[in-house]
Amino acid sequence: MLPTLSQHGDCVLVSPLPYWSPFNESHKHNNRPKRGDVVVATSPMDSKQTVCKRILGIEGDLIEIEPRRGGQRKWIDNSGIGFMVDIPQDVDLEFSESDKDKHILPENLTKPRRNGEGQYIKIPKGHVWLVGDNLSNSTDSRKYGPVPVAMVKGKVLARIWPNPTWIENNVKEID
């Protein structure tokens, strides 16, 4: 979850209360996980482990599996509204196949197309799409697909050690 959380073992405050309430049934509609929330979930690849990821998509959203949009992840919800989360871009430029024999000039360089780029998936009912903030080094829904909401154990509210800070939902609506 770099740069939001450190790779050296940040201690975080996680609460199930933003999503689950044992006192009434209203949590089924009002307290669902939201886009941009940082959550802890049971790992879809090993049920004995947990993962800390950001929710990129919720049920009904259409998600591009490998987005590349100038350093921002973008998705479209089921009402047609676009959203984005700012992500640092760390992709190196490479030659395209047609430019192999040309001189090394900036106009001859192109970004490589990633597997899954331009491919979309609709998030099924009762699922979320989880991604790490460090897209170039994250095992997430791009590998294991949509995750059942029941596997989400709680929302990360704050980092308590080192450098205590609140963890914010950094989603912005785009046109």
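Any value given below was found using the heavy atoms of this structure, including those in side chains, with hydrogens, waters and symmetry copies removed.
If you chain together hydrophobic residues whose side chains sit under 4.5 Å apart, Val51 and Leu5 never meet in one group. Transitive grouping of hydrophobic side chains (ILVMFWY, heavy atoms separated by less than 4.5 Å) brings Met45 and Val152 into a common cluster. Tyr144 and Met151 fall within a single hydrophobic cluster, where Ile, Leu, Val, Met, Phe, Trp and Tyr are joined by side-chain heavy atoms under 4.5 Å apart, directly or via other members. In the hydrophobic clustering of this structure, Ile167 groups with Val14; members are Ile, Leu, Val, Met, Phe, Trp, Tyr whose side-chain heavy atoms approach within less than 4.5 Å, directly or through other members. A single hydrophobic cluster is not seen to contain both Val40 and Val147; linkage of ILVMFWY side chains at heavy-atom distances under 4.5 Å, directly or through other members, places them apart.
Separation of atoms CZ (Arg54) and CG (Leu130) is listed at 11.5 Å; rounding is to 0.5 Å. In this structure, the separation between CD1 on Ile63 and CD1 on Ile121 is 9.0 Å, given to the nearest 0.5 Å. Atoms CD1 and CZ, on Ile58 and Arg32 in that order, are 8.5 Å from each other to the nearest 0.5 Å. Between Ile160 atom CD1 and Thr165 atom OG1 the span is 12.5 Å, to the nearest 0.5 Å. The structure places NZ of Lys153 at 13.5 Å from OH of Tyr19, a figure rounded to the nearest 0.5 Å. Atom CD1 of Ile55 is separated from atom NZ of Lys53 by 13.0 Å, given to the nearest 0.5 angstrom.
Residue Pro146 is tested with Ser141, Pro124, Pro44 for a side-chain contact (heavy atoms from CB on, under 4.5 Å); the sole match is Pro124.
Side-chain contact between Met1 and Asp10: absent, with no pair of heavy atoms (C-beta onward) separated by less than 4.5 Å. Under the 4.5 Å side-chain criterion, counting only non-hydrogen atoms from C-beta, Val149 is in contact with Pro33.
In terms of modelled atom types and a separation under 3.5 Å, the side chain of Glu59 and the main chain of Gly126 share a donor-acceptor contact.
At a threshold of 4.0 Å, the pair Asp46-Lys48 does not count as salt-bridged, since none of the basic side-chain nitrogens sits closer than that to a carboxylate oxygen.
Asp133 and Pro3 make their closest contact through CB-CD, 4.1 Å (heavy atoms, listed as atom of the first residue, atom of the second, distance). Taking each heavy atom of Pro18 and Leu157 in turn, the nearest pair found is CG-CD2, 4.3 Å.
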Please evaluate residues Arg35 and Asp61 with respect to the criterion side-chain contact (heavy atoms from CB on, under 4.5 Å), reporting the C-alpha separation (whole Å), side-chain torsions for both, the decisive distance (0.1 Å), and the verdict. CA-CA 10 Å; Arg35 289 177 206 92; Asp61 285 355; 2.8 Å; yes
May I have the step-by-step check of side-chain contact (heavy atoms from CB on, under 4.5 Å) for Cys52 and Val156, ending in yes or no? CA-CA 8 Å; Cys52 183; Val156 177; 4.0 Å; yes
